[in-house]
K.L.:
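Below are the structure tokens for one structure; questions will follow.
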Amino acid sequence: MLAKSFLHHITYLMIFLGVFIFSRPASGHQKGAPFSGAIPEPIKVHHAHIEDEQRVNLTLFDDLHVEEKDPRTAFSSSLELAAAWGEDFRFGSELNIPFSNTGLSEDQYGIGDIEIWPVKYAFINEPERILTGSLSIGLPTGSEPRGLGEDQTTLGGLLFFDQAYRNWYLGINAEWISSVSGSTSSEFEAALALSYSFIEETGDGMAPSRPQQSFVPSLSLELISESVLSGTEEGDNVITLLPGFHLWHPDSGWQARVGVEFPLSSDRENDFAFHLQIGNHFDWNRLFNSTRKGSQP
């Protein structure tokens, strides 16, 4: 059963890579983006800078706790698609589509509750400092009887902060989400990320947006706190620590990240989670223009 689950998610990853690997690549950050190369893509903490982005996230959970059932191993994946509006990287939108077998039965796979961020806006939009707010809408697209959804529509407000200094990075998130249909619930999440990128050209200035070295490795540490403020799980507070390793190929823009997340609190959803993520910053306009040109006789 574990091999079957793993195959489902590897197939999902291969489809994603097949769509984008033959497209025209962007540089490390999206072409024209002024942001410091020391600002990474954290594994769970969300970055504040706004760019076109495509990313697939794969997670293996060990001893996942689902209702009263015995803990088990499970897989989850999601596809993140983000778009920047205009040329100044100040406005954007984002879509997250989850797919997993983390419901009531390990042999059932399906789409979970889709999350849309229709409007993201960068209040501060500097190369080394970005502060962004976003509206969040959660849709009840997952099957509640199968345990893959909550049968709720949710609204939320999110705040993201990036700060780079030479090769160092600090990221802070604050998220509040509440249901507007279905069972009543509300949650608050706070998260912190610290990372160091081994960029050779930085010196005493800002890390370049596109370093000249072949690969840029980075080390990161993330601390995430998720608190349930109301609802059936009111009072639960899950705190996790997530060390990670990142590898970035600036010429093509491809980035890969791995990390192991484990709980620090007595409240826990699993014993540990292993994360693997692969993504890029392909420019949507370039992708669509390339597709249209390729289809012309």
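Any value given below was found using the heavy atoms of this structure, including those in side chains, with hydrogens, waters and symmetry copies removed.
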K.L.:
Crowded around F245 CZ? As in, over 12 foreign heavy atoms under 6.0 Å?
P.N.:
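It does: F245 CZ has more than 12 such atoms within range.
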
K.L.:
List the steps, then state whether side chain to side chain contact (heavy atoms under 4.5 Å, CB included) holds for K44 with Q277.
P.N.:
CA-CA 10 Å; K44 288 193 69 174; Q277 301 178 352; 5.6 Å; no

K.L.:
Hey, what do you get for OG (S265) to CG (L241), rounding to the nearest 0.5 Å?
P.N.:
11.5 Å

K.L.:
Please report whether the ring centroid of F188 lies less than 6.0 Å from that of W176.
P.N.:
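When the ring centroids of W176 and F188 are compared, they turn out to be at least 6.0 Å apart.
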
K.L.:
Between F274 and F272, is the ring centre distance below 6.0 Å?
P.N.:
no

K.L.:
Search all heavy atoms of P40 against all heavy atoms of A38 and return the closest pair with its distance.
P.N.:
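Reported closest heavy-atom pair: CD-O, 3.1 Å.
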
K.L.:
As an exercise, state the distance from CZ of F61 to CZ of F75, rounded to the nearest 0.5 Å.
P.N.:
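Output value for this atom pair is 10.5 Å.
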
K.L.:
What do the steps show when you test L242 against F262 for side chain to side chain contact (heavy atoms under 4.5 Å, CB included), and what is the final call?
P.N.:
CA-CA 7 Å; L242 173 54; F262 52 92; over 6 Å; no

K.L.:
Tell me if a side-chain donor or acceptor on S77 pairs with a main-chain N or O of F99 at a distance below 3.5 Å.
P.N.:
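Between the backbone of F99 and the side chain of S77 there is a qualifying donor-acceptor contact (under 3.5 Å).
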
K.L.:
Please determine whether residues Y165 and I172 belong to a single hydrophobic cluster, defined as Ile, Leu, Val, Met, Phe, Trp and Tyr linked transitively by side-chain heavy-atom distances below 4.5 Å.
P.N.:
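Each belongs to a different hydrophobic cluster.
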
K.L.:
Determine whether the side chains of N57 and E80 contain a donor N or O and an acceptor N or O closer than 3.5 Å.
P.N.:
yes

K.L.:
What are the two closest non-hydrogen atoms of I130 and A122, and how far apart are they?
P.N.:
CG2-CB, 4.3 Å

K.L.:
Donor-acceptor check, side chain of T132 to backbone of A48, threshold 3.5 angstrom: yes or no?
P.N.:
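The answer is yes, because a donor-acceptor pair under 3.5 Å joins these two groups.
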
K.L.:
Ignoring hydrogens and angles, state whether a donor on the side chain of E175 or S136 is under 3.5 Å from an acceptor on the partner side chain.
P.N.:
no

K.L.:
Run the numbers on H281 and E41 for side chain to side chain donor-acceptor pair (under 3.5 Å), then give the verdict.
P.N.:
CA-CA 11 Å; H281 290 280; E41 306 289 336; 2.8 Å; yes

K.L.:
Are the side chain of N280 and the backbone of S252 linked by a donor-acceptor contact shorter than 3.5 Å?
P.N.:
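Here the side-chain-to-backbone pair exists.
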
K.L.:
Classify the side-chain pair E53/H47 by whether it contains a donor and acceptor separated by less than 3.5 Å.
P.N.:
yes

K.L.:
Going by atom types alone, do Q213 and H249 pair a side-chain donor with an acceptor below 3.5 Å?
P.N.:
no

K.L.:
Dump the intermediate steps for side chain to side chain contact (heavy atoms under 4.5 Å, CB included) on I224 and E226, then the final yes or no.
P.N.:
CA-CA 7 Å; I224 303 105; E226 301 173 77; 4.0 Å; yes

K.L.:
State yes or no: do W117 and L159 share one hydrophobic cluster built from I, L, V, M, F, W and Y residues joined by side-chain heavy-atom distances below 4.5 Å, directly or via other members?
P.N.:
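Different clusters.
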
K.L.:
Given side chains that start at C-beta, do those of P211 and P250 come closer than 4.5 Å, heavy atoms only?
P.N.:
yes

K.L.:
Under the rule for ring pair (Phe, Tyr, Trp, His ring centres under 6.0 Å), what residues qualify as partners of Y169, not counting sequence neighbours?
P.N.:
none

K.L.:
With a 4.0 Å cut-off, would you call D63 and R268 a salt bridge?
P.N.:
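R268 and D63: not salt-bridged.
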
K.L.:
Do E150 and S183 get their side chains close enough for a donor-acceptor pair, meaning under 3.5 Å?
P.N.:
no

K.L.:
Please examine the side chains of L192 and L221, heavy atoms only from C-beta on, and report whether any two atoms are closer than 4.5 Å.
P.N.:
no

K.L.:
Quick check: does any side chain N or O of D52 sit under 3.5 Å from a backbone N or O of A84, one acting as donor and the other as acceptor?
P.N.:
yes

K.L.:
Testing the basics here: between E222 and A193, what is the closest heavy-atom pair and its distance to 0.1 Å?
P.N.:
CG-CB, 3.8 Å

K.L.:
Return the minimal non-hydrogen interatomic distance between R90 and I50, and the atom names on each side.
P.N.:
O-CD1, 3.2 Å

K.L.:
So how far is it from M206 CE to E126 CD, rounded to the nearest 0.5 Å?
P.N.:
11.0 Å

K.L.:
Does P217 reach the side chain of H246, with side-chain heavy atoms less than 4.5 Å apart?
P.N.:
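A side-chain contact under 4.5 Å is absent here.
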
K.L.:
Between H275 and E261, do the side chains contain a donor N or O and an acceptor N or O under 3.5 Å apart?
P.N.:
yes

K.L.:
Would S76 and T59 count as having a side-chain donor-acceptor pair, cut-off 3.5 Å?
P.N.:
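T59 and S76 do not have a side-chain donor-acceptor pair below 3.5 Å.
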
K.L.:
Hey, quick one: are I124 and F160 part of the same hydrophobic cluster, counting side-chain heavy atoms closer than 4.5 Å, chains of contacts allowed?
P.N.:
no

K.L.:
Just checking, is any N or O donor in the side chain of S93 or W85 under 3.5 Å from an acceptor N or O on the other one?
P.N.:
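Yes - a donor-acceptor pair under 3.5 Å links their side chains.
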
K.L.:
To the nearest 0.5 Å, what is the distance between CG on L148 and OG on S143?
P.N.:
6.0 Å

K.L.:
Does any non-hydrogen side-chain atom of D113 lie less than 4.5 Å from one of P98?
P.N.:
no

K.L.:
Should we say atom CD of E201 is surrounded by more than 12 heavy atoms from elsewhere, each under 6.0 Å from it?
P.N.:
yes

K.L.:
Go through the steps for L155 and I137 under the test side chain to side chain contact (heavy atoms under 4.5 Å, CB included), then give the verdict.
P.N.:
CA-CA 5 Å; L155 289 178; I137 301 175; 3.8 Å; yes

K.L.:
Quick one about S181 and T153 (side-chain donor to acceptor, distance below 3.5 Å, no hydrogens or angles considered), yes or no?
P.N.:
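Judged by distance alone, the side chains do pair up.
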
K.L.:
side-chain hydrogen bond (donor to acceptor under 3.5 Å, both in side chains) with S186: which of S178, S179, S230?
P.N.:
S230

K.L.:
For residues P263 and T240, report the shortest heavy-atom separation together with the two atoms involved.
P.N.:
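That closest heavy-atom pairing would be CA-CG2, 3.9 Å.
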
K.L.:
Tell me, yes or no, whether the heavy-atom count around I114 atom CD1, taken from other residues, nucleotides or ligands under 6.0 Å, exceeds 12.
P.N.:
yes

K.L.:
Answer yes if the side chains of N237 and S225 hold a donor-acceptor pair under 3.5 Å, and no otherwise.
P.N.:
yes

K.L.:
Please report the interatomic distance CD(E115) to OG(S78), rounded to the nearest 0.5 Å.
P.N.:
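E115 atom CD to S78 atom OG measures 10.0 Å (nearest 0.5 Å).
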
K.L.:
Within a strict 4.5 Å, meaning less than it, do heavy atoms of the E51 and F35 side chains meet?
P.N.:
yes

K.L.:
Any ion pair linking R129 and D162 (charged N to carboxylate O, less than 4.0 Å)?
P.N.:
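No, this pair does not count.
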
K.L.:
Hey, could you give me the CD/CZ distance between Q163 and F161, rounded to the nearest 0.5 Å?
P.N.:
4.5 Å

K.L.:
Distance only, no hydrogens: is a donor on one side chain within 3.5 Å (strictly under) of an acceptor on the other, for S218 and S197?
P.N.:
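Looking only at side-chain atoms, S197 and S218 do form a donor-acceptor pair, the distance falling under 3.5 Å.
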
K.L.:
Side chains of E187 and E189: does their closest heavy-atom pair fall under 4.5 Å?
P.N.:
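Sidechains of E189 and E187: no contact.
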
K.L.:
If two hydrophobic side chains count as joined below 4.5 Å and joins carry through other members, does V260 share a cluster with L276?
P.N.:
yes

K.L.:
Would you say E94 and H46 are linked by a side-chain donor-acceptor pair, where the criterion is simply a distance under 3.5 Å?
P.N.:
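H46 vs E94: donor-acceptor pair found between side chains.
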
K.L.:
Do S220 and Y196 have side-chain heavy atoms sitting under 4.5 Å apart?
P.N.:
no

K.L.:
If hydrophobic clusters are built by linking Ile, Leu, Val, Met, Phe, Trp and Tyr wherever their side-chain heavy atoms come under 4.5 Å apart, do I97 and L139 end up in the same one?
P.N.:
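As far as the 4.5 Å side-chain criterion goes, L139 and I97 are connected within one cluster.
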
K.L.:
Which atoms form the tightest heavy-atom contact between T154 and I177, and what is the distance?
P.N.:
CB-CG2, 3.7 Å

